[in-house]
Amino acid sequence: MKRYPPQRPLKFLRWFCREDYLEEIEGDLVEVFEKQSVVSLRRARRVFTWSVLRYFRPRFMKTFRSLYPTNVMSILRHNLLITLRSFARHKSSFLINLTGLSTGLACVLLIYLWVNDELQVDQFHENKARIYKVLENRIQADRIWTSETSSGPTADALAADMPEVEYAVTTTRNDVHTLSVDEHPLKATGRYAGKDYFNVFTFTLLHGRRNELLKEKNNMVVSESLARKLFNRADETVLGKIVEMDHARQYTVSGIFRDLPYQATEKADFIRSFEEFRADHPDWVSTWFSTGAATYVMLKEGTDVNALNAKIAGFVKQKTNGEVTHRTMFLKLYTDKYLHGQFENGVESGGRITYVKLFSVIATFILIIACINFMNLSTARASRRLKEIGIKKAIGAKRNTLVWQHLGESMLLSLISMVIALGLVIVLLPYFNILTEKQLTLPVTLAFAERVFGVVIFTGLLAGSYPALYLSGFNPAAILKGKLTSALGELWVRQGLVVFQFTCSVVFIVAVIVVYRQTEYIQSRSLGYTKDNMIVFEREGNAAETTDLESFLAAVRDVPGVHNASSIAHSLTGHNSGTSGVVWEGKDPNDRTEFENVAVSYDMLETLGIQIVDGRSFAREFPSDTAHIIFNEAAIAFMGLKDPIGKVIKLWGEDMEIVGVAKNFHFESLHENVRPLFFRINPENTGRIMVKIEPGQEQATIRRLEKLYETYNPGFIFDFRFLDDDYQSQYRAEQRVAVLSRYFAGLAILISCLGLFGLTAFTLERREKEIGIRKVLGSGELRIVLLLSRDFTKMVLLSIALALPLSYFLTSSWLKTFAFRIDLSAAYFLLAGVIALAITWITVGAQALRAARLNPAQALKRE
Amino acid sequence: MSNQSLGEFEELVLLMVAALHDEAYGVSILENLEGKLGKKLNISAVHVALKRLEDKGFVKSRFGGITNDRGGRRKKFYVITALGKRMLDDQYALRTAIYQQIPKISFG
């Protein structure tokens with residue numbers, strides 16, 4: 001029996017041993033082994049292995065550098081030439097690859113810019129790691145609601161009681177006001193802020209003393225652009241100048257700050273001192289029982305925020321002597337709020353970060369789809385380059401030389417694509433900015449260039465590594481004999497990649513359909529009030545006087561083209577102000593569920609077209625309507641009242657009689673269910689005027705309204721919005737997703753189709769003779785087309801089967817974020833499948849038909 | 001001739017190459033040495049010594065013909081060179097000269 005030495009040590013020896021010694025050493029080793037193996041095979045093997053290891057020393061090792069000095073430059077030049085020639089020769093696959101990769105890369109670049117920008121939001125504040133916003137978890141009957149507002153005294157109390165807090169400031173919401181210097185009114189947005197505001201947040205102060213900006217009650221700090229608008233300049237001469245607000249109050253400019261970068265979430269044209277607000281609302285600012293202010297703290301260096309959160313959890317309870325138990329205070333990193341600002345039942349549940357992740361994934365997938373085209377076309381067309389590879393190998397090219405040649409080819413392609421992609425990005429960026437509401441630019445920095453280069457390398461490797469390894473692995477003898485039969489495994493890989501591409505495409509199609517249907521549903525769902533042809537503007541000037549409001553509204557109603565008009569405190573586009581101060585018979589004393597509080601003037605319900613399902617609306621004929629209240633159906637259901645009309649409840653301790661029940665309407669976005677709400681007549685607190693105008697002559701009516709406004713409110717600007725626009729802005733994120741997903745899906749499908757097109761063209765070329773013979777033997781065109789489309793159809797059907805559960809999962813989890821949503825019907829998935837199939841058939845069928853129509857003699861005579 | 005030194009094992013191998021004249025290759029040297037020394041050696045030690053001797057010019061080598069033995073690998077035969085022979089002679093002379101200086105007393 002012939003005994004063989006162990007193979008692995010032998011291979012190892014062959015790998016490291018210098019060639020001029022190898023034969024002798026190997027021979028002697030084998031001879032010793034053979035002699036010893038007669039005695040004991042195991043021992044012989046052990047000795048053999050041990051001996052091999054003993055040869056592993058410098059004297060016997062080969063130099064791993066190539067024996068012959070290679071001329072790197074000439075190889076490179078040769079490879080470049082071959083690459084360019086192959087591009088020129090196979091124009092269609094070159095163009096398909098180029099189109100696919102450059103659009104894919106353009107997507108990646110755009111999304112990179114967008115994601116990068118999202119991550120930059122609010123990051124410009126120098127103390128960003130120490131700035132926190134005070135949030136509160138409030139226990140409601142059905143959920144925990146995380147509120148961004150806190151009580152008026154929060155900031156001062158935190159600063160006084162917690163040594164960890166360096167600064168604490170209170171701010172109010174932004175309000176729009178009319179500012180004027182020498183009778184040139186303009187509208188600007190601003191808010192009140194505590195005195196340390198400028199120490200906490202980073203503002204570039206152009207003029208003024210940082211510590212004295214909000215010292216006096218009538219101080220105002222203005223932005224550079226506002227200063228220019230008011231005074232035509234922004235230098236220190238502006239300091240100390242007087243600005244009049246709403247033609248009533250006067251302020252002294254104490255500082256000018258540079259306009260905030262657009263990546264700031266909280267912008268303001270001017271900042272006023274919170275001390276003035278405190279003087280105006282002394283009760284509100286000192287009570288722990290109502291909320292509405294925003295509180296920010298800056299912690300001292302090295303503070304453990306978790307420990308502090310544990311300390312302040314019961315702060316509100318402690319400050320109210322145990323009376324308020326449902327509010328748990330905690331700190332949230334200010335810079336985190338933008339991306340991770342969503343809470344569900346008191347637990348963080350994402351926010352914009354979801355879209356950041358989503359789009360990053362989409363960009364990667366589009367790039368992969370484009371890379372797959374390259375892989376498939378290169379391996380499919382391998383037969384064309386076989387001779388080149390065979391000859392190179394035969395005359396001594398190493399495998400890794402060939403690998404590098406093909407990788408170089410894909411790198412070069414990826415580089416060219418990147419150049420085109422950069423061009424595309426430059427062209428598309430303005431449109432992309434409109435779509436995303438950003439001000440993105442291509443950064444001209446080394447870091448960005450490095451990253452772009454990194455992406456080029458990555459794409460080159462991703463697209464090129466498989467073809468390079470595949471092509472360089474052929475046996476040269478077999479190639480040159482023309483014996484290459486494509487392995488089954490390779491076919492599997494290619495088909496698998498196509499299936500992957502189409503799975504992505506089908507998922508995209510389903511997503512587009514669902515997002516489109518849902519946004520359409522949002523647009524068309526009856527909200528319970530009419531938002532169309534509704535004009536909204538702030539109540540100010542003379543109309544701000546409660547005594548004059550009624551006469552102003554009456555004058556508005558008399559304007560031709562106006563249907564109805566009234567005033568309201570609520571924006572109807574989200575939660576505005578709530579209260580837990582509603583008490584009814586049988587109420588659980590611990591219940592702190594907030595009712596939405598809507599103060600209105602007479603006629604508001606009629607103007608909005610809100611239906612009354614029981615009882616009546618407010619009417620001037622009933623003078624005691626200030627003691628009357630109207631609930632929505634959700635509130636009645638929540639309170640569990642039967643026959644509510646005529647019942648008396650307590651609101652903030654006062655008796656209110658229920659006179660009507662309004663049909664539920666959506667005053668928050670459709671992400672939320674309709675929550676309890678009440679209307680009460682309280683014209684003083686209604687800050688908005690809503691005017692319903694007749695459709696058809698909007699422009700003329702608005703002009704007439706403007707004229708009325710200016711005569712009634714001299715010195716103020718008629719600045720109106722359409723309620724519909726306010727409504728749409730609630731769904732801006734969704735609309736952006738809708739539009740972007742449409743583009744991305746289109747791209748994914750386009751790139752996949754290009755790949756399919758290329759593959760089909762190649763297959764048909766290879767089967768030209770087969771088709772010719774089939775035709776000669778009498779096969780019809782249709783049969784041939786069917787035959788040719790069958791493989792691709794199978795692949796796409798498989799993709800559809802894979803994509804449907806995946807897309808069902810993805811779309812249904814997206815829809816879950818809406819309280820009101822469309823049902824996922826089978827039709828969407830069916831439609832997506834049909835679209836994918838139709839696209840495949842068009843792509844494949846057109847080419848197949850052309851091939852089938854070819855004169856068989858043409859195909860057969862060529863040899 | 002400072003670099004022309006000869007280690008103990010090298011000297012043994014060189015002697016064996018000379019002794020096996022024209023039949024000296026790795027395995028034959030190994031086996032003969034094992035027989036004489038009465039202990040097991042590793043083939044790699046022999047190869048190291050041979051390569052050193054070849055570098056120093058004491059032996060030269062040539063490949064034998066292809067046979068069916070050893071999986072078709074050729075043997076490499078070593079013969080001693082004139083320089084190697086002189087080296088052995090010098091060593092032998094040196095040792096003999098010193099040996100003869102040993103006084104004739106009993107070491108019993």
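Just so you know, these numbers use all the heavy atoms, side chains as well, and skip hydrogens, waters and symmetry mates. In what follows, chains are A, B, ... by sequence order, proteins preceding strands, each numbered from 1.
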So which atom in [X] and which in [Y] form the shortest heavy-atom distance, rounded to 0.1 Å?
X	Y	result
A:D28	B:G26	OD2-CA, 3.2 Å
A:S51	B:S44	O-CB, 4.5 Å
A:R54	B:A45	NH2-CB, 4.3 Å

Modelled atom types, side-chain donor and acceptor of B:H47 and A:Y55, under 3.5 Å: yes
[atom1]/[X] to [atom2]/[Y] distance, rounded to the nearest 0.5 angstrom?
X	Y	atom1	atom2	result
B:L50	A:Y21	CG	OH	10.0 Å
B:K51	A:E24	NZ	CD	3.5 Å
A:L29	B:R73	CG	CZ	9.5 Å

Assess whether atom [atom1] of [X] is packed by more than 12 heavy atoms of other residues, nucleotides or ligands within 6.0 Å.
X	atom1	result
A:K35	NZ	yes
B:R62	CZ	yes
A:R14	CZ	yes
A:F453	CZ	no
B:I66	CD1	no

Which portion of B:K75 sits near chain A, non-hydrogen atoms under 4.5 angstrom: side chain
Part of B:V48 lying under 4.5 Å from any heavy atom of chain A: both
Check against side-chain contact (heavy atoms from CB on, under 4.5 Å), A:R59 and B:R52: CA-CA 10 Å; A:R59 171 173 279 276; B:R52 280 194 190 139; 3.6 Å; yes
A:E23 and B:K76, any side-chain heavy atoms less than 4.5 Å apart: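 SC-SC contact between B:K76 and A:E23 ruled out.
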Side-chain touch B:V27/A:E34, heavy atoms, less than 4.5 angstrom: no
Atom group of A:F60 that falls short of 4.5 Å from chain B, counting heavy atoms: side chain
Best-contacting candidate, A:V30, A:V47, A:V52, against chain B by heavy atom pairs under 4.5 angstrom: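 Of the candidates given, the most pairs with chain B belong to A:V30.
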